[in-house]
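Down below is the structure, laid out as structure tokens.
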Amino acid sequence: MSEDQAIVTDGSIQPFKFKTVKEVYEARVTETDYCVDELLPSCGMSILAGKPKAGKTTLARQLVVDVATGQPFLGMETQQGKVLYIALEEKETEVGIHFRKLGLSEDGPVSTWTGAVQRNTAVATLEATLKSMEGISLVVIDPVFKFVSGVKDTNDYVQVTNALEELLELARKYTVHILLVHHMKKRETEDLGDAVLGSTAITGAVDTYIALKAGSDGIRTLATQQRYGRGMGETQLNWDAETRKLSLGKTAEDAQRDAAEATAKRIERDIITYVSTHKGCTQEAIMDAVTGRT
């Protein structure tokens with residue numbers, strides 16, 4: 001309980017200590033510190049959501065390595081520090097193979113847990129770990145609802161809020177960023193905030209919501225909703241198969257514009273080709289011969 005709402009020795013509860021507008025105006029403004037610049041605040045929490053096989057775990061591991069080595073993550077500067085990577089569904093050998101491809105050395109400051117945990121004590125165990133290890137900048141939990149307890153139904157707002165609040169308190173208490181990995185709904189939705197599987201409390205509890213999508217054409221895109229920093233519009237991701245690393249590409253808007261321009265040029269070229277080889281052709285004949293937007 002905070003000092004502003006303390007219970008005095010006789011057991012009575014004192015009133016809240018409200019501040020005046022003047023006191024609020026005079027309060028010292030502090031800048032937000034970031035684990036990943038303008039994306040993941042230190043002393044905060046985020047969620048990375050996507051459908052199965054969209055690349056959530058791949059992107060999460062890339063974040064782990066970039067923070068541990070102080071390298072930019074998707075072009076954004078990182079605050080180098082130790083990382084705890086809790087991979088509840090992964091094989092240790094697969095984690096090791098990916099870390100090697102990402103360039104993490106044997107003495108890299110990453111501590112990894114693979115396999116199941118006791119959910120009823122997992123948060124307390126994580127706090128004990130944070131107490132015993134100094135310099136932790138980032139904790140990644142993949143997936144979150146195989147770690148927290150008390151959530152029988154992820155659509156239950158109260159259950160989800162209570163479970164995530166425990167993790168948020170740890171992030172604030174130990175000045176770390178905690179990234180949670182979760183799933184998106186099967187059905188598509190235009191509302192990015194409604195795409196996460198379960199209660200709206202999931203996205204409401206975090207400072208940064210990262211939505212990872214994989215289209216039927218194989219193109220992956222990333223978009224964010226943020227309490228701090230700059231939100232990112234839907235942006236394509238480039239994949240390097242050799243290093244198994246992702247990088248930011250064109251925004252979806254730029255990609256659509258480029259595709260439209262390429263289609264227009266192709267139609268123009270096809271019309272010229274058809275007309276030059278079919279002297280005296282009619283407009284109707286051209287329209288039948290050349291495919292594309294009218």
Side-chain angles (χ1 to χ4, degrees), residues 1-3 5-7 32-36 40-48 56-57 60-70 73 78-96 98-99 104-152 154 156 158-182 198 201-202 204-208 210:
M1 182 174 292
S2 71
E3 294 180 359
Q5 194 190 357
I7 300 176
T32 302
D33 291 326
Y34 287 94
C35 175
V36 177
L40 306 180
S42 302
C43 195
M45 195 162 70
S46 62
I47 191 155
L48 168 60
K56 302 184 298 297
T57 296
R61 285 190 196 138
Q62 182 174 327
L63 172 65
V64 166
V65 173
D66 286 344
V67 171
T69 58
F73 173 69
T78 62
Q79 177 187 340
Q80 193 276 334
K82 298 177 183 176
V83 182
L84 301 181
Y85 177 50
I86 303 172
L88 303 171
E89 297 179 332
E90 300 301 311
K91 295 180 180 179
E92 188 175 83
T93 52
E94 172 58 23
V95 172
H98 195 189
F99 279 168
L104 183 64
S105 63
E106 290 184 356
D107 58 353
V110 177
S111 299
T112 301
W113 173 281
T114 56
V117 296
Q118 293 291 333
R119 296 188 198 182
N120 60 330
T121 59
V123 173
T125 304
L126 176 58
E127 179 168 14
T129 304
L130 292 172
K131 280 182 179 179
S132 66
M133 298 178 67
E134 295 183 353
I136 302 295
S137 293
L138 173 68
V139 177
V140 173
I141 302 174
D142 181 7
V144 59
F145 288 108
K146 285 195 174 182
F147 186 84
V148 296
S149 63
V151 182
K152 295 181 180 179
T154 57
D156 188 301
V158 174
Q159 291 180 15
V160 170
T161 298
N162 291 340
L164 297 188
E165 183 65 28
E166 291 183 345
L167 290 174
L168 183 56
E169 287 180 2
L170 288 187
R172 291 170 175 166
K173 184 176 181 179
Y174 295 96
T175 318
V176 300
H177 186 90
I178 300 179
L179 180 130
L180 314 172
V181 180
H182 186 47
I202 297 171
V206 299
D207 300 300
T208 304
I210 305 172

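Only this structure's heavy atoms are used, side chains among them; waters, hydrogens and symmetry mates stay out.
Taking 4.5 Å as the limit, some side-chain heavy atom of Phe99 sits within range of a side-chain heavy atom of Val110. Residues Thr112 and Ile86 have side chains not in contact (no heavy-atom distance under 4.5 Å, counting atoms from C-beta outward). Between Leu63 and Leu138 the shortest side-chain heavy-atom distance falls below 4.5 Å. Between Leu48 and Asp142 the shortest side-chain heavy-atom distance does not fall below 4.5 Å. Between Leu84 and Val140, the closest side-chain pair of non-hydrogen atoms is not below 4.5 Å. Between Val95 and Tyr85 there is a side-chain heavy-atom pair separated by less than 4.5 Å. Looking at Leu180 and Ile202, their side chains never come closer than 4.5 Å, going by heavy atoms from C-beta outward.
Residues Val83 and Ala68 approach most closely at CG2-N, 3.9 Å, considering heavy atoms. Nearest approach of Val181 to Leu179, heavy atoms of both residues: CG2-CD2, 3.9 Å. Heavy atoms only, all atoms of each residue included: Val151 and Val148 are closest at CG2-CG2, 4.3 Å. When all heavy atoms are compared, the tightest approach of Gly81 to Ser137 is CA-OG, 3.3 Å.
A distance of 10.0 Å separates OG1 in Thr175 from CG in Leu130, rounded to the nearest 0.5 Å. Atom CG of residue Leu126 and atom CD1 of residue Ile141 lie 5.5 Å apart, to the nearest 0.5 angstrom. To the nearest 0.5 Å, the span separating CD1 on Ile47 from NZ on Lys56 amounts to 10.5 Å.
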Report all side-chain donor-acceptor pairs from residues 163-172 shorter than 3.5 Å, counting only partners two or more places apart or in another chain.
none

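Remark: Ser105 pairs with Asp107 by the side-chain hydrogen bond (donor to acceptor under 3.5 Å, both in side chains) rule, at least two apart or across chains. Listed by chain and residue number, Asp153, Val158, Gln159 satisfy the side-chain contact (heavy atoms from CB on, under 4.5 Å) test with Asp156 (two or more places apart in sequence, or in another chain). Checked against side-chain hydrogen bond (donor to acceptor under 3.5 Å, both in side chains), Thr208 has no partners two or more places apart in sequence or in another chain. Evaluation of the salt bridge (charged side-chain N to carboxylate O under 4.0 Å, His left out) rule for Glu92 yields no partner, not counting sequence neighbours. Under the rule for a ring pair (Phe, Tyr, Trp, His ring centres under 6.0 Å), Tyr174 has no partner lying at least two apart in sequence or in another chain. Annotation: side-chain hydrogen bond (donor to acceptor under 3.5 Å, both in side chains) contacts of Glu90 (sequence neighbours excluded): Arg61. Under the salt bridge (charged side-chain N to carboxylate O under 4.0 Å, His left out) criterion, Asp207 pairs with Arg227, sequence neighbours left out. Residues that satisfy the salt bridge (charged side-chain N to carboxylate O under 4.0 Å, His left out) test with Lys146, not counting sequence neighbours, are Glu89. With sequence neighbours excluded, the residues satisfying side-chain hydrogen bond (donor to acceptor under 3.5 Å, both in side chains) with Ser42 are Gln79.
Under 3.5 Å, the side chains of Asn120 and Ser149 contain no donor-acceptor pair of N or O atoms.
Sorted by first and then second residue, the pairs that involve residues 119-138 and meet salt bridge (Lys or Arg N to Asp or Glu O under 4.0 Å), not counting sequence neighbours, are Glu127-Lys173. Listed by first then second residue, pairs satisfying ring-ring contact (aromatic ring centres under 6.0 Å, His included) with a partner in residues 125-147 read Phe145-His182, not counting sequence neighbours.
Checking side-chain atoms of His177 against main-chain N and O of Cys35 turns up no donor-acceptor pair under 3.5 Å. A distance-only check finds no donor-acceptor pair linking the side chain of Gln80 to the backbone of Thr69 [under 3.5 Å].
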